[in-house]
Colleague: 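Have a look at this one before I ask anything.
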Amino acid sequence: MSDIEIITKIDRIVEMHKSGELGGEFMPEDSNPHLNKSSLENYLYFTLPMALNYQRNSYTLWEAALNTYNDKETKFVFSPKEVLEKSFEEVQKALTKYRVALQKQKQTEIWIKLCKTFIKLFDGDIRKLFDDLDNDIEKIKDFIQVKNKKDFPYLSGIKICNYWLYVIYQYTDRKYKNIEKITVAPDTHVCKATLKLGVITEEEFNSNDVQLIVAEKWEKLLKNTKYKPIDIHTRVMALE
């Protein structure tokens, strides 16, 4: 299938999504406390749960995050400084009360590790990451995925990092210099839909590097079109 034929299909998919034929009008992240978009609290709310957003239903994750935030006994987990003042057991209890963390040990460790990173590198203010790197997607991804990968467990992954950057763009006041550098977040659903559309081959789909291949293929396909890769993420995912 030619690139032109695929883009024509994408046009149709976008129209179907806009008309509600594919569902998805309510996004998982719409479950949020509607904080001031520019506030640190808002940035942290849309950052910390993202690291636990793998191999699970995104809607239930963000419902759990909202319940955790709205409970005065568990709300502290969204403050890195408060997290580090608590015992591991206290953080674990708060994260598992509404099932933000499904893996009690591992996911509590991930959450605490990220809080330590935010304190160590940004004095707890994740907004400094974007400010210090000029809101440049390439610089941000290099900082997280290459230079400091171990400090950002799971948030540095290809899928989660790109989708997190998109969520920050959608739900905070952040504006990027080069939003087109946010690739399609290649989760299992997107990879399957990408195969179905003919963007990748069966061999590529079965490759160990399928996530990287999918991200690169979409970036190349949509270059010089009216679409940015992240624009079609939700629409493509709805196909699977």
Side-chain angles (χ1 to χ4, degrees), residues 22-37 39-119 124 126 144 149-172 185-193 211 230 233-234 237-238 240:
L22 297 178
E25 293 87 356
F26 184 84
M27 297 302 293
E29 299 81 15
D30 288 339
S31 290
N32 71 76
H34 302 288
L35 302 166
N36 184 307
K37 283 193 169 187
S39 69
L40 172 58
E41 203 170 13
N42 191 51
Y43 275 76
L44 290 168
Y45 181 86
F46 286 111
T47 297
L48 287 162
M50 285 299 302
L52 308 188
N53 190 17
Y54 59 95
Q55 296 183 343
R56 67 187 299 180
N57 185 299
S58 294
Y59 286 94
T60 56
L61 167 65
W62 289 102
E63 286 170 8
L66 182 59
N67 287 333
T68 301
Y69 181 87
N70 286 334
D71 186 330
K72 63 181 181 181
E73 293 183 357
T74 57
K75 182 179 178 179
F76 76 87
V77 297
F78 292 96
S79 168
K81 290 182 179 179
E82 289 186 61
V83 165
L84 299 188
E85 291 170 356
K86 303 285 187 179
S87 69
F88 182 91
E89 290 72 24
E90 287 175 304
V91 178
Q92 184 180 68
K93 183 179 178 181
L95 289 175
T96 55
K97 182 174 182 178
Y98 297 101
R99 295 175 60 80
V100 171
L102 298 182
Q103 300 173 24
K104 292 174 63 175
Q105 184 72 24
K106 183 178 181 180
Q107 293 187 335
T108 301
E109 290 173 355
I110 289 170
W111 195 283
I112 292 173
K113 174 68 172 178
L114 284 174
C115 287
K116 288 179 178 178
T117 294
F118 298 162
I119 294 294
I126 190 63
I144 292 175
K149 185 177 177 64
K150 291 182 179 179
D151 288 324
F152 294 89
Y154 285 89
L155 203 61
S156 59
I158 295 173
K159 170 208 161 184
I160 292 180
C161 185
N162 279 283
Y163 196 68
W164 169 60
L165 291 172
Y166 167 72
V167 166
I168 290 294
Y169 174 76
Q170 288 290 99
Y171 293 91
T172 75
D187 60 17
T188 302
H189 302 291
V190 168
C191 290
K192 287 181 179 178
Q211 287 190 323
I230 204 64
H233 171 82
T234 304
M237 187 169 64
E240 201 279 308

Colleague: Do Cys161 and Phe152 make a side-chain contact, defined as non-hydrogen atoms from C-beta onward lying under 4.5 Å apart?
Modeller: no

Colleague: For Lys113 and Tyr154, test the side chains for any donor-to-acceptor distance below 3.5 angstrom and give the result as yes or no.
Modeller: no

Colleague: Can you tell me how the ring of Tyr45 sits relative to the ring of Trp62, calling it parallel under 30°, perpendicular over 60° and tilted otherwise?
Modeller: tilted

Colleague: Is any side-chain heavy atom of Phe46 closer than 4.5 Å to one of Gln170?
Modeller: no

Colleague: Less than 4.5 Å apart, side chain to side chain, heavy atoms only: is that true for Lys116 and Leu84?
Modeller: yes

Colleague: Could you report the tightest heavy-atom contact between Leu102 and Arg56, atom names first, then the distance?
Modeller: CG-NH2, 3.4 Å

Colleague: Would you say Gln107 and Tyr54 make side-chain contact, with heavy atoms under 4.5 Å?
Modeller: yes

Colleague: Is there side-chain contact between Phe76 and Lys81, with heavy atoms separated by less than 4.5 Å?
Modeller: no

Colleague: Sub-3.5 Å donor-acceptor pair from the side chain of Asp151 to the main-chain atoms of Thr117, do we have one?
Modeller: no

Colleague: Rounded to the nearest 0.5 Å, what separates atom CE in Met50 from atom CG in Leu165?
Modeller: 9.0 Å

Colleague: Treating Thr74 as the side-chain partner and Thr68 as the backbone partner, does any N or O pair qualify as donor plus acceptor under 3.5 Å?
Modeller: yes

Colleague: Could you give the distance from CG (Leu155) to CG (Leu48), rounded to the nearest 0.5 Å?
Modeller: 8.5 Å

Colleague: Going by atom types alone, do Tyr171 and Asp30 pair a side-chain donor with an acceptor below 3.5 Å?
Modeller: yes

Colleague: Any ion pair linking Lys104 and Glu89 (charged N to carboxylate O, less than 4.0 Å)?
Modeller: no

Colleague: Distance from Trp164 atom CH2 to Ile168 atom CD1, nearest 0.5 Å?
Modeller: 5.5 Å

Colleague: Kindly compute the distance separating CZ (Arg99) from OG1 (Thr60), expressed to the nearest 0.5 Å.
Modeller: 8.5 Å

Colleague: How about Tyr98 and Asp71: does a side-chain donor come under 3.5 Å of a side-chain acceptor?
Modeller: yes

Colleague: Nearest 0.5 angstrom please: Thr47 OG1 to Ile126 CD1, how far?
Modeller: 5.5 Å

Colleague: Yes or no on side chain to side chain contact (heavy atoms under 4.5 Å, CB included) for Leu35 and Lys37, after CA distance, side-chain angles and deciding distance?
Modeller: CA-CA 6 Å; Leu35 302 166; Lys37 283 193 169 187; over 6 Å; no

Colleague: Minimum heavy-atom separation for Phe78 and Leu44, please, with both atom names.
Modeller: O-CD1, 3.3 Å

Colleague: Can you tell me which residue among Gln105, Lys97, Lys86 is in a side chain to side chain contact (heavy atoms under 4.5 Å, CB included) with Gln92?
Modeller: Gln105

Colleague: Kindly give the heavy-atom pair with the smallest separation between Lys159 and Asn53, and that separation in Å.
Modeller: NZ-O, 3.2 Å

Colleague: Any donor-acceptor pair under 3.5 Å linking the side-chain atoms of Tyr163 with those of Glu29?
Modeller: yes

Colleague: Could you report the tightest heavy-atom contact between Pro49 and Leu61, atom names first, then the distance?
Modeller: O-CD2, 3.6 Å

Colleague: If every non-hydrogen atom of Leu40 is compared with every non-hydrogen atom of Gly124, which pair is closest and at what distance?
Modeller: CD1-O, 3.8 Å

Colleague: Looking at Pro153 and Leu114, what are the two nearest heavy atoms and their distance?
Modeller: CD-CD2, 3.8 Å

Colleague: What distance separates Glu41 CD from Ser79 OG, expressed to the nearest 0.5 Å?
Modeller: 8.5 Å

